[in-house]
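One structure is given here, and the rest of the page talks about it.
Source: prediction; values computed, not measured.
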Amino acid sequence: MAYGLQFVNNSGVVTLDSEFARLVVIESGDYIPNSDGGLTSIVSFAQAITTPEPPLIFARPTTEAGTAAISSVQIYGTPGAWTGFSVRTRSVDYLQPRGKWFAAAFEARAVAAYGMRLWDGAGKLLFDTGTPCAVFTAAFQTWTYRFTQQLAIGNSNFFSVSNPFPESDYMLINNFGMSLVAGNNPGRLLTSLWDFPNKTLYAVTTSTANPNSMNLPALFARMVV
C-alpha cells in the first residue's frame, strides 16, 4: 500500500488494512423452527444489510442426537437492503432447523460508541471497533459417493467427506442454496446433512437426472471477537 494504515500480526499476516476490507460479522443470532409446521426457520435481520451483494450467511446446527439438515436456503431482500434468510430441514425424519448463525460482509457497520473506525479512499467503512471479524477455518471439496436413495420425485445421491466436521465452526450456506447442474432444467436440489452421532458431513443432491459427482466446496468459518 502507498499510504494509510496497516496492522500485521506476529506471523506476518496483514490483519487490517486501509485499502482492503476484512470479512466482518454484521449480525448474529439463533435460528429456530418457526414456519412450515416446524420444518422451516425464517430469520429477520435486526436492520437491513446494505451491501450490494447478499451477505454471506454462516450456520451451525445445534449438536443433538440425530442428523440435522440445511436445505432450501433463501436470502430475502434486494441489493442494498437484505432483510433476512430462511433454511429448511430435509423432512420430518431429520432434526428441526435449530442452531446459530452469523451474517458477514466485506464492509463494517458503525456500531461502536468509542474506539476506532477505518475507511478506504472511497469512503467505504472497513473497520469498526464494535464489529467482530470472521476467519475461514476449513474447506472440504473431496466428496466420496456413498449411496443412492430412491424417491417418488427422483433420487438422492449421498456424498460425504472423510474429515470430521468442525462442530464449533459455522458453514457457509449461500452456495448450498444453489441448484447444481443436472441432466434436466431444474437441476439438483442440494442439502447438507450433519450426522452428529457419526461426526460425518454429507452433501445430498436430489433430481430426476442425478450424476454421481459432487465438487462444490463446504467452507467453514468462525467469529473472532
Side-chain angles (χ1 to χ4, degrees), residues 23-36 38-49 51 53-77 82-91 93-106 109 131-141 143 158-161 163-180 189-206 214 216-225:
L23 187 59
V24 173
V25 177
I26 301 294
E27 197 170 320
S28 62
D30 299 309
Y31 66 91
I32 60 172
N34 56 14
S35 182
D36 192 22
L39 298 179
T40 297
S41 175
I42 299 175
V43 174
S44 296
F45 300 140
Q47 64 183 87
I49 295 175
T51 53
E53 67 284 343
L56 300 179
I57 308 296
F58 295 82
R60 185 185 75 200
T62 300
T63 301
E64 298 184 49
T67 301
I70 296 180
S71 182
S72 302
V73 178
Q74 296 187 60
I75 300 177
Y76 302 121
W82 305 104
T83 58
F85 69 95
S86 66
V87 295
R88 191 182 191 277
T89 190
R90 191 164 186 254
S91 71
D93 297 324
Y94 296 85
L95 296 170
Q96 290 184 309
R98 190 185 307 276
K100 294 184 177 297
W101 64 272
F102 68 83
F106 288 97
R109 178 180 282 174
T131 52
C133 69
V135 294
F136 287 100
T137 56
F140 302 143
Q141 192 167 2
W143 299 91
F158 286 68
F159 307 86
S160 69
V161 293
N163 311 65
F165 59 82
E167 291 186 36
S168 60
D169 295 345
Y170 296 66
M171 191 180 82
L172 178 67
I173 62 175
N174 295 57
N175 54 346
F176 270 75
M178 303 185 299
S179 292
L180 300 180
L189 176 67
L190 181 60
T191 300
S192 64
L193 295 182
W194 306 57
D195 182 351
F196 290 111
N198 296 303
K199 297 186 180 298
T200 301
L201 177 68
Y202 290 94
V204 183
T205 61
T206 302
M214 172 65 187
L216 190 72
L219 302 176
F220 286 82
R222 67 166 61 106
M223 291 185 286
V224 179
V225 180

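The backbone N or O of I32 lies less than 3.5 Å from a partner atom in the side chain of S41, making a donor-acceptor pair. Between the side chain of W82 and the main chain of Y76, no donor-acceptor pair closer than 3.5 Å is present. Judged by distance alone, with hydrogens and angles left aside, the side-chain atoms of N175 form a donor-acceptor pair with the main-chain N or O of P217 at under 3.5 Å.
A search for salt bridge (Lys or Arg N to Asp or Glu O under 4.0 Å) contacts involving R90 returns nothing, not counting sequence neighbours. Applying the ring-ring contact (aromatic ring centres under 6.0 Å, His included) test to F158 and every residue at least two apart in sequence or in another chain returns F147. Checked against side-chain hydrogen bond (donor to acceptor under 3.5 Å, both in side chains), T191 has the following partners two or more places apart in sequence or in another chain: S71. When the side-chain hydrogen bond (donor to acceptor under 3.5 Å, both in side chains) test is applied to S160, the partners found at least two apart in sequence or on another chain are R146. In this structure, T200 has no side-chain hydrogen bond (donor to acceptor under 3.5 Å, both in side chains) partners at least two apart in sequence or on a different chain. Every ring-ring contact (aromatic ring centres under 6.0 Å, His included) that W101 has, sequence neighbours left out, goes to F45, F85. Every residue was checked against the side-chain hydrogen bond (donor to acceptor under 3.5 Å, both in side chains) condition with T131, not counting sequence neighbours, and none meets it. Under the rule for a ring-ring contact (aromatic ring centres under 6.0 Å, His included), the partners of F136 that lie at least two apart in sequence or sit in another chain are F58. Here F176 pairs with nothing under the ring-ring contact (aromatic ring centres under 6.0 Å, His included) rule; sequence neighbours left out. Residues satisfying the salt bridge (Lys or Arg N to Asp or Glu O under 4.0 Å) test with D195, not counting sequence neighbours, are none. In this structure T62 satisfies the side-chain contact (heavy atoms from CB on, under 4.5 Å) test together with E64, R98, sequence neighbours excluded.
Of the residues Y202, W194, F220, Y170, the one that meets the ring-ring contact (aromatic ring centres under 6.0 Å, His included) test with F165 is W194.
Residue S86 holds its OG atom at 9.5 Å from CD1 of I75, rounded to the nearest 0.5 Å. Rounded to the nearest 0.5 angstrom, K100 NZ and S168 OG are separated by 13.0 Å. Interatomic distance, I173 CD1 to Q74 CD, rounded to the nearest 0.5 Å: 11.0 Å. Going from atom CD of Q96 over to atom CG of N34 covers 10.0 Å, rounded to the nearest 0.5 Å. Taken to the nearest 0.5 Å, the OG1 atom of T67 stands 7.5 Å off from the CG atom of N198.
At most 12 non-hydrogen atoms from other residues, nucleotides or ligands lie less than 6.0 angstrom from CZ of R222.
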(request) For the pair L95 and T89, evaluate side-chain contact (heavy atoms from CB on, under 4.5 Å) and give the outcome as yes or no after the intermediate values. (result) CA-CA 7 Å; L95 296 170; T89 190; 5.7 Å; no
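Within the structure, no pair that satisfies the salt bridge (charged side-chain N to carboxylate O under 4.0 Å, His left out) test touches residues 67-76, not counting sequence neighbours.
Between R60 and D169 no salt bridge is recorded (no basic side-chain N to carboxylate O distance below 4.0 Å).
Heavy atoms only, all atoms of each residue included: G66 and P197 are closest at O-CD, 3.2 Å.
Residues R109 and V24 have side chains not in contact (no heavy-atom distance under 4.5 Å, counting atoms from C-beta outward). Counting heavy atoms from C-beta on, the side chains of N174 and V73 never come closer than 4.5 Å. In this structure the side chain of L23 reaches within 4.5 angstrom of the side chain of F106, judged on heavy atoms.
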